[in-house]
Number of protein chains: 2
Amino acid sequence: MTPEQFFKCLADETRCRCLLLIQQELELCVCELMAALDESQPKISRHLAQLRKCGLLEDRRQGQWVFYRVSPELPAWMVSVLQQTLTSNADYLQTNLTRLQAMGDRPERVNACCA
Amino acid sequence: MTPEQFFKCLADETRCRCLLLIQQELELCVCELMAALDESQPKISRHLAQLRKCGLLEDRRQGQWVFYRVSPELPAWMVSVLQQTLTSNADYLQTNLTRLQAMGDRPERVNACCA
DNA sequence: TTAATATATATGAATATTCATATATATTGC
DNA sequence: GCAATATATATGAATATTCATATATATTAA
């Protein structure tokens with residue numbers, strides 16, 4: 001993936017916020033991101049699909065939910081850019097994190113290894 | 001500037017290459033970037049104007065040439081992203097740097113302070 | 001006047017959004 | 001176990017919007 005292709009993935013508000021939230025929370029499902037961003041389900045789902053197709057995210061289904069996480073194969077410099085952006089833009093994400101915390105009935109995580 | 005606005009600036013091949021070349025060379029004029037990227041003058045000029053308008057670059061005119069450099073007011077994390085991208089993508093820029101070096105009659109720099 | 005750079009406009013291409021619907025899993029009542 | 005239903009997510013199709021490019025023209029300095 002070229003640098004500009006990587007940056008294009010980050011160049012949309014929905015994708016940027018989803019990626020940074022996932023980078024911080026390790027793993028989030030579609031409904032959690034809908035709550036955090038207050039956006040429609042198809043909108044979230046489409047952007048996540050795009051990020052997965054580009055190789056930035058990977059998904060796993062757990063029952064009715066699909067959880068997304070940053071791909072473990074992502075080149076180190078891209079991870080570093082994500083982390084640097086996250087660390088330096090705490091205020092940018094604050095509203096989203098507040099909404100996420102305020103969300104009731106968040107799906108429980110079950111470790112893939114010992115479900 | 002929000003993170004996604006910053007990344008949008010980097011999300012185009014022409015702008016990405018120009019920015020990384022300038023980050024590496026400290027200062028480049030339009031005709032040098034035309035040579036390095038082998039692109040038309042209006043195309044280069046337009047993208048540089050956009051980067052300047054967004055606050056990523058600043059320009060100085062020296063005689064007939066206009067030199068662009070990374071804005072000294074750019075937030076540290078953005079500079080860090082630029083530098084990290086540059087360092088980790090040497091091969092991506094190699095063709096451009098070769099063409100730049102091969103360019104004859106490159107305009108001389110005159111220091112602003114002691115011209 | 002010539003060289004270097006900037007800008008305006010028109011057009012086409014890429015991208016995002018919405019709505020409706022499809023699929024996959026879970027739950028409830030029989 | 002088997003329907004009927006609910007919930008979570010994905011996707012096709014239509015539309016709207018944004019973005020990049022090319023051409024032509026303007027500006028600025030030597």
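Numbered from 1 within each chain, the chains take letters A, B, ... in sequence-line order. Worth saying up front: this structure is predicted, and the values here are computed from it rather than measured.
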Contacts satisfying salt bridge (Lys or Arg N to Asp or Glu O under 4.0 Å) that involve residues 87-104 of chain B (not counting sequence neighbours) are none
D/dA10 -> Watson-Crick or G-U wobble partner, both distances under 3.5 Å, gives C/dT21
Closest to the 5' end of DNA chain D, once B/His47 and A/Glu32 are matched to their nearest nucleotides, is A/Glu32
I'd like a list of close polar pairs between nucleotides 11-13 of chain D and the protein, N/O only, cut-off under 3.5 Å.
{"unit_1": "D/dG12", "atom_1": "N7", "unit_2": "A/Arg46", "atom_2": "NH2", "d": "2.9"}
{"unit_1": "D/dG12", "atom_1": "O6", "unit_2": "A/Arg46", "atom_2": "NH2", "d": "2.1"}
{"unit_1": "D/dA13", "atom_1": "N6", "unit_2": "A/Arg46", "atom_2": "NH2", "d": "3.1"}

Grouping ILVMFWY residues whenever side-chain heavy atoms fall under 4.5 Å, the cluster of A/Leu26 otherwise contains none
A/Lys43 NZ to D/dT17 C1', in whole Å, measures 12 Å
Contacts of A/Cys9 meeting side-chain contact (heavy atoms from CB on, under 4.5 Å) (sequence neighbours excluded), chain-then-number -> A/Leu51, A/Cys54, A/Leu56
Give a yes/no answer on whether the side chain of A/Lys8 brings an N or O atom under 4.0 Å of OP1 or OP2 in D/dC19.
no
(request) Would you indicate what A/Gln50 reaches in the nucleic acid, counting non-hydrogen atoms under 4.0 angstrom: base, sugar-phosphate, or nothing? (result) sugar-phosphate
If pairing means Watson-Crick or G-U wobble with both distances under 3.5 Å, then the partner of D/dT15 is C/dA16
Ordered by number, residues from residues 14-24 of chain B within less than 4.0 Å of DNA chain D (heavy atoms) are B/Arg15
request  = Identify whether the distance between the nearest side-chain nitrogen and carboxylate oxygen of B/Lys8 and B/Glu4 falls below 4.0 Å.
outcome  = no
Here the residues of residues 63-74 of chain A within 4.0 Å heavy-atom distance, strictly under, of DNA chain C are A/Gly63, A/Gln64
Whole-Å distance, A/Asp59 CG to C/dA24 P, equals 14 Å
